[in-house]
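None of these values were measured; they are calculated from a predicted model.
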Amino acid sequence: VAGIPQGRVIVAESGVWSRAQGAAAELAGASAVLVGSALMRAPDPAAKLHELISRPLVKVCGLTRQEDVDAATEAGADLAGFVLAEESPRQAPAVLAVPETMLSVAVLVGERRETGADLTQLYDREGAHRGRDAVLYRGEEPVAEVLDLPWERRDAGHLNRVATAAREKRVMLAGGLGPENVAAAIERVQPWAVDASSALETAPGIKDHERIREFVRAARLVSHTHA
């Protein structure tokens with residue numbers, strides 16, 4: 001392949017119908033995906049192609065009920081997050097069922113363990129609390145960094161550092177995001193994914209379905225093509 005002097009080019013073929021499925025191939029090491037049926041059956045193939053390659057992915061986290069997972073699915077979220085840390089008021093009973101068009105994410109603190117999720121979001125434990133940022137794993141391999149946004153209020157340079165990191169690696173932007181501010185955050189940082197939890201709730205672990213729809217809609221309005 002022109003422009004690649006050495007190494008292999010891996011192409012993921014077949015079965016890519018959603019943005020999350022394309023991301024799964026990316027995280028598994030694919031350099032490209034071959035998409036056929038999804039485009040041929042789409043009413044607007046160009047719009048479908050843009051959907052498949054656009055970023056950021058949208059994650060709804062802190063899900064504890066199947067009806068909230070279903071609401072996130074219907075809204076078009078790509079990632080469903082389940083907090084399994086015992087100290088969290090948003091602790092889920094387990095990694096709940098998600099459709100093939102989404103990826104499940106187990107959120108852990110302190111150490112990884114088998115959960116059945118597609119991905120693991122691991123925070124360090126700092127005393128009685130979780131650390132500030134996290135690492136996203138696919139199996140044993142770290143595939144992205146989860147960086148918190150609201151610290152910019154106390155650290156004027158934090159948002160610039162997050163934006164710089166997002167140009168160099170996959171960054172999931174989290175912390176304090178909601179329908180009202182996600183568009184501005186995406187425009188400034190250009191992250192690989194965005195993650196919201198408490199801003200979409202009526203109570204810890206209980207999601208407001210309209211807020212979920214608003215969050216996904218706002219993130220999609222400023223989606224960008226991921227290089």
Would you check if Leu136 and Thr120 make a side-chain contact, meaning some heavy-atom pair closer than 4.5 Å? no
Rounded to the nearest 0.5 Å, how far does CD of Glu210 lie from OG1 of Thr202? 13.5 Å
Please check this pair: side chain of Lys207 against backbone of Ala71, looking for a donor-acceptor N/O pair closer than 3.5 Å. no
Kindly check if the number of other-residue, nucleotide or ligand heavy atoms within 6.0 Å of CD (Gln66) is above 12? yes
Which atom of Val182 lies closest to which atom of Ala218, heavy atoms considered: CG1-CB, 3.6 Å
Please enumerate all residues that pass salt bridge (Lys or Arg N to Asp or Glu O under 4.0 Å) together with Glu126, with sequence neighbours excluded. none
State plainly whether the residues Glu180 and Arg211 are in salt-bridge range, i.e. N to O under 4.0 Å. yes
How close do Ala185 and Leu177 get, counting heavy atoms only, and between which atoms? CB-CD2, 3.9 Å
Rounding to 0.5 Å, atoms CD1 (Ile206) and CG (Leu200) come to a distance of 13.0 Å
Pairs where residues 56-72 contributes a residue and the test salt bridge (Lys or Arg N to Asp or Glu O under 4.0 Å) is met, not counting sequence neighbours: Lys59-Asp195, Arg65-Glu67, Arg65-Asp68
Within the structure provided, determine whether Ser197 and Val83 are in side-chain contact (heavy-atom separation under 4.5 Å). no
Close side-chain approach of Leu27 to Val143, heavy-atom, < 4.5 Å: yes
Under the criterion side chain to side chain contact (heavy atoms under 4.5 Å, CB included), I'd like the reasoning laid out for Ser198 against Arg90: C-alpha separation, chi angles, the key distance, then a yes or no. CA-CA 9 Å; Ser198 60; Arg90 297 174 180 84; 3.3 Å; yes
Distance col, row Leu173:CG vs Arg188:CZ, nearest 0.5 angstrom, shows 11.5 Å
So, Arg161 and Thr164: side-chain donor and acceptor under 3.5 Å apart, yes or no? no
Student check: side-chain heavy atoms of Asp78 and Leu103 closer than 4.5 Å: no
Is there side-chain contact between Thr64 and Gln91, with at least one heavy-atom pair below 4.5 Å? no
Looking at every non-hydrogen atom in both residues, tell me the closest pair between Ala174 and Val146 and how far apart they are. CB-CG1, 3.9 Å
Could you check Thr115, Val105, Val107 and say which one makes a side chain to side chain contact (heavy atoms under 4.5 Å, CB included) with Val95? Thr115
Test side chain to side chain contact (heavy atoms under 4.5 Å, CB included) applied to Asp208 and Glu201, step by step: CA-CA 5 Å; Asp208 181 324; Glu201 295 178 336; over 6 Å; no
Rounded distance [0.5 Å steps], CZ in Phe82 versus CD in Gln121: 12.5 Å
Given side chains that start at C-beta, do those of Arg125 and Arg130 come closer than 4.5 Å, heavy atoms only? no
Shortest non-hydrogen contact between Asp124 and Val109, atoms and distance: O-CG1, 3.9 Å
Please find the pair of heavy atoms, one from Ile212 and one from Ala75, that lie closest to each other, and give the distance. CG2-CB, 3.8 Å
With side chain to side chain contact (heavy atoms under 4.5 Å, CB included) as the test, would you mind laying out the steps for Met172 and Leu147 before giving the verdict? CA-CA 6 Å; Met172 180 185 292; Leu147 301 181; over 6 Å; no
Mind listing the closest non-hydrogen atom pair of Ala117 and Ser104 along with its distance? CA-OG, 3.4 Å
Using a strict threshold of under 4.0 Å (side-chain N to carboxylate O), is an ion pair present between Glu214 and Arg217? no
Taking the side chain as every heavy atom from C-beta outward, state whether Tyr137 and Leu119 have any atom pair closer than 4.5 Å. no
Check whether any side-chain heavy atom of Gln190 sits under 4.5 Å from a side-chain heavy atom of Arg167, and report yes or no. no
Any side-chain donor-acceptor pair under 3.5 Å between Trp192 and Glu145? no
Applying salt bridge (Lys or Arg N to Asp or Glu O under 4.0 Å) as the test, list every pair that has at least one member in residues 108-122; sequence neighbours left out. Arg112-Glu140
Given the rule in the side chain to side chain contact (heavy atoms under 4.5 Å, CB included) test, do Leu108 and Tyr123 qualify, once you have shown the distances and angles that lead to the verdict? CA-CA 6 Å; Leu108 300 174; Tyr123 290 89; over 6 Å; no
